There are 2 protein chains.
Amino acid sequence: MELNEQVGLRLRQLREERGLSLSALARRSGTGKATLSELEAGRRNPTLETLYALTTALGVPLSAALTDSGGTPYGTPAPGTSPGAGGAPGGGPAGISGQAVTAVLTERFEDGAAVTDVFRIRIRGGAVQESAAHIPGTQEHLVVLTGTAVVGDPAAPVTAGPGAHAHWTADGPHLYSAPHGDVEAVLFVRSPLAAPRTP
Amino acid sequence: MELNEQVGLRLRQLREERGLSLSALARRSGTGKATLSELEAGRRNPTLETLYALTTALGVPLSAALTDSGGTPYGTPAPGTSPGAGGAPGGGPAGISGQAVTAVLTERFEDGAAVTDVFRIRIRGGAVQESAAHIPGTQEHLVVLTGTAVVGDPAAPVTAGPGAHAHWTADGPHLYSAPHGDVEAVLFVRSPLAAPRTP
DNA sequence: GACGACCGTTCCGTTTACGGAACGTTCCGT
DNA sequence: ACGGAACGTTCCGTAAACGGAACGGTCGTC
């Protein structure tokens, strides 16, 4: 998708989450309605000042308008208000964070067959966390940045040191642990798209 | 300070950290030298496309050009070190982007022994790119989000489909290719720190 | 010391992002 | 039914961001 379209959609999403009309946001931000209309449609290539005026009026940092790694969900409103977004039926990303693990979703990627959540995680030294089974077919990859992690099947866990990679099937219980000190890593959780019932 | 000046200084900083001349970055990113010169001086109000072209050529995500909360230090040398562009002689992250590959650095992680650059990359379908050797001991991991990539040692390349993982040693020439269509993936490049002789 | 290669800045014509003012539509209140 | 207000889109003149082509300055090389 074109970059301008991505940013346009993101801005429209932020605006609608706040229940603002296009005209109201244009008035409040000091930009023209024409600018905002065509920008949301992906038909303009906005300048930095325009983006700044809009994000400030929306109450989010500039980076919130972008879709790359800096684009974290700002002000995602109360659950229940799900406008056009037509959210994924599966709901949000799997909850990973727990006593031993802090996980931040950095990207969610979806293709025709599966959705892949990319997490930046930290496992606290000496801690162990067991995670419940995900849906059948779910695969996990871990790439360790620093420290030594012991992960995967509780019956046959795998040890991964700095720079190493581990892989396991997550449709059964699985664990994350860091016996020798904190671990920083990137975790990939790839789940097949719900074809829950193919009669 | 004016917003345009902030962004201009940030871009100049990123460029100088990488030891690139203004002309070289203009050439590489496809923008005019006039544009880049005045932009770094804070005398222009860049468009989104211009910012994207520049940050991509610098190997950082768009948000890296901004100075707000999203503005994480990419490749910033140790804090407190004087701005003397001298900085780390190793320079910035390895240049990955080329004819077939677009790479955006999403994180740079450094521990005592190695530095790991995490890239979000796209390999264009049908294209092949050969990359020069990195320093001895460099390891690369690829986790494929979608498509099928053929990567690694040119003499014995590895095929990785959606959700798969590939690993190779990058201290010799190595290739990235996508025979059957575009590939989206995450690439880890882990390079040993140049041993600074601690006697 | 003249030449060439590269640097960063300035000038200039073209393209286009901008805001204001129109437009047609929908939704209220009278 | 009618009027008014608000909505989002389209049209248009102006301002300015863009790339290409100049310019002067600095560094190596012959």
Side-chain angles (χ1 to χ4, degrees), chain A residues 1-58 62 64-67 81 83-86, chain B residues 1-58 62 65-67 83-87 89 91-92 95 97:
Chain A
M1 180 188 297
E2 205 59 55
L3 174 66
N4 291 339
E5 298 175 35
Q6 289 181 31
V7 172
L9 291 177
R10 183 89 184 97
L11 285 172
R12 173 164 288 173
Q13 177 190 3
L14 287 166
R15 174 174 67 80
E16 291 181 343
E17 279 175 3
R18 284 159 180 71
L20 282 171
S21 71
L22 187 150
S23 303
L25 178 57
R27 210 177 317 121
R28 178 190 295 209
S29 64
T31 66
K33 288 200 294 178
T35 301
L36 186 49
S37 174
E38 295 196 339
L39 201 165
E40 286 191 353
R43 302 163 41 88
R44 287 236 188 141
N45 170 24
T47 64
L48 186 62
E49 280 185 357
T50 300
L51 285 178
Y52 182 75
L54 292 173
T55 54
T56 300
L58 287 165
L62 242 172
L66 310 178
T67 44
T81 341
Chain B
M1 181 189 294
E2 206 59 54
L3 174 66
N4 291 338
E5 298 175 34
Q6 290 181 32
V7 172
L9 290 177
R10 183 88 185 95
L11 285 173
R12 172 164 289 172
Q13 177 190 2
L14 287 166
R15 173 173 68 80
E16 291 181 343
E17 278 174 5
R18 285 159 181 71
L20 282 172
S21 71
L22 187 149
S23 301
L25 178 57
R27 211 177 315 120
R28 180 190 294 212
S29 64
T31 65
K33 287 200 293 177
T35 301
L36 187 49
S37 174
E38 296 196 339
L39 201 166
E40 285 191 354
R43 302 164 43 83
R44 286 232 189 147
N45 171 23
T47 64
L48 185 62
E49 279 184 358
T50 300
L51 284 178
Y52 182 74
L54 292 173
T55 53
T56 300
L58 288 166
L62 243 172
L66 311 178
T67 43
S97 293

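Because only heavy atoms are used, hydrogens play no part in the values below, and waters and symmetry mates are left out as well, while side chains stay in. These figures come from a predicted structure and were not determined experimentally. Just so we're on the same page: letters track the sequence lines, and every chain starts at 1.
- In this structure, CD of B:Glu38 is placed 15 Å from P of D:dG20, rounded to the nearest angstrom.
- Residue B:Thr35 is classed as a base contact, given a heavy-atom separation below 4.0 Å to a base.
- A donor-acceptor contact closer than 3.5 angstrom is absent between the side chains of A:Ser23 and A:Ser21.
- Between A:Arg15 and D:dG8 there is a side-chain N or O to OP1 or OP2 distance below 4.0 Å.
- Taking both residues in full, the closest heavy atoms of A:Leu54 and A:Ser29 are given as CD2-OG, 3.5 Å, listed atom of the first, atom of the second, then distance.
- The nearest pair of heavy atoms linking B:Glu40 to B:Leu22 is OE1-CD1, 4.0 Å.
- Listed pair B:Ser23 / C:dG8 meets the phosphate criterion, a side-chain N or O lying under 4.0 Å from OP1 or OP2.
- Residue B:Ala26 comes nearest to B:Leu36 through the heavy atom pair N-CD2, 3.8 Å, listed as atom of the first residue, atom of the second, then distance.
- In terms of position along DNA chain C, the nucleotide closest to B:Ser21 lies nearer the 5' end than the nucleotide closest to the other residue of the pair B:Ser21 and B:Thr47.
- Look at A:Ser37 and you won't find any side-chain N or O under 4.0 angstrom from OP1 or OP2 of D:dG8.
- In this model, the phosphate group of C:dC18 is approached by a side-chain N or O of A:Arg44 to a distance below 4.0 Å at OP1 or OP2.
- When each of B:Pro46 and B:Lys33 is assigned the nucleotide of DNA chain D with its nearest heavy atom, B:Pro46 is the one assigned upstream, toward the 5' end.
- In the set D:dT9, C:dG8, C:dG19, C:dG19 carries the atom at the smallest distance from any side-chain atom of A:Thr31.
- Between C:dC18, D:dC11, D:dC7, one nucleotide has an atom nearer to the side chain of A:Ala34 than all others, and that is D:dC11.
- No donor-acceptor distance shorter than 3.5 angstrom exists from the side chain of A:Ser37 to the backbone of A:Lys33, with no hydrogens or angles considered.
- At least one donor-acceptor pair under 3.5 Å links the side chain of A:Thr55 to the backbone N or O of A:Tyr52.
- Applying the 4.0 Å criterion to OP1 and OP2 of C:dC7, one finds that B:Arg27 has a side-chain N or O inside that range.
- Side-chain contact check for B:Arg28 versus B:Leu20: some heavy-atom pair is nearer than 4.5 Å.
- Residue A:Thr50 places none of its side-chain N or O atoms closer than 4.0 Å to OP1 or OP2 of C:dA17.
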Under 3.5 Å for both distances, Watson-Crick or G-U wobble, that's the pair rule; now give the dot-bracket for DNA chain D, with | marking pairs to another strand and [ ] for crossing ones. |..||||||||||||||||||||||||.||

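- Counting to the nearest Å, the P atom of D:dC7 and the CZ atom of A:Arg12 are 15 Å from each other.
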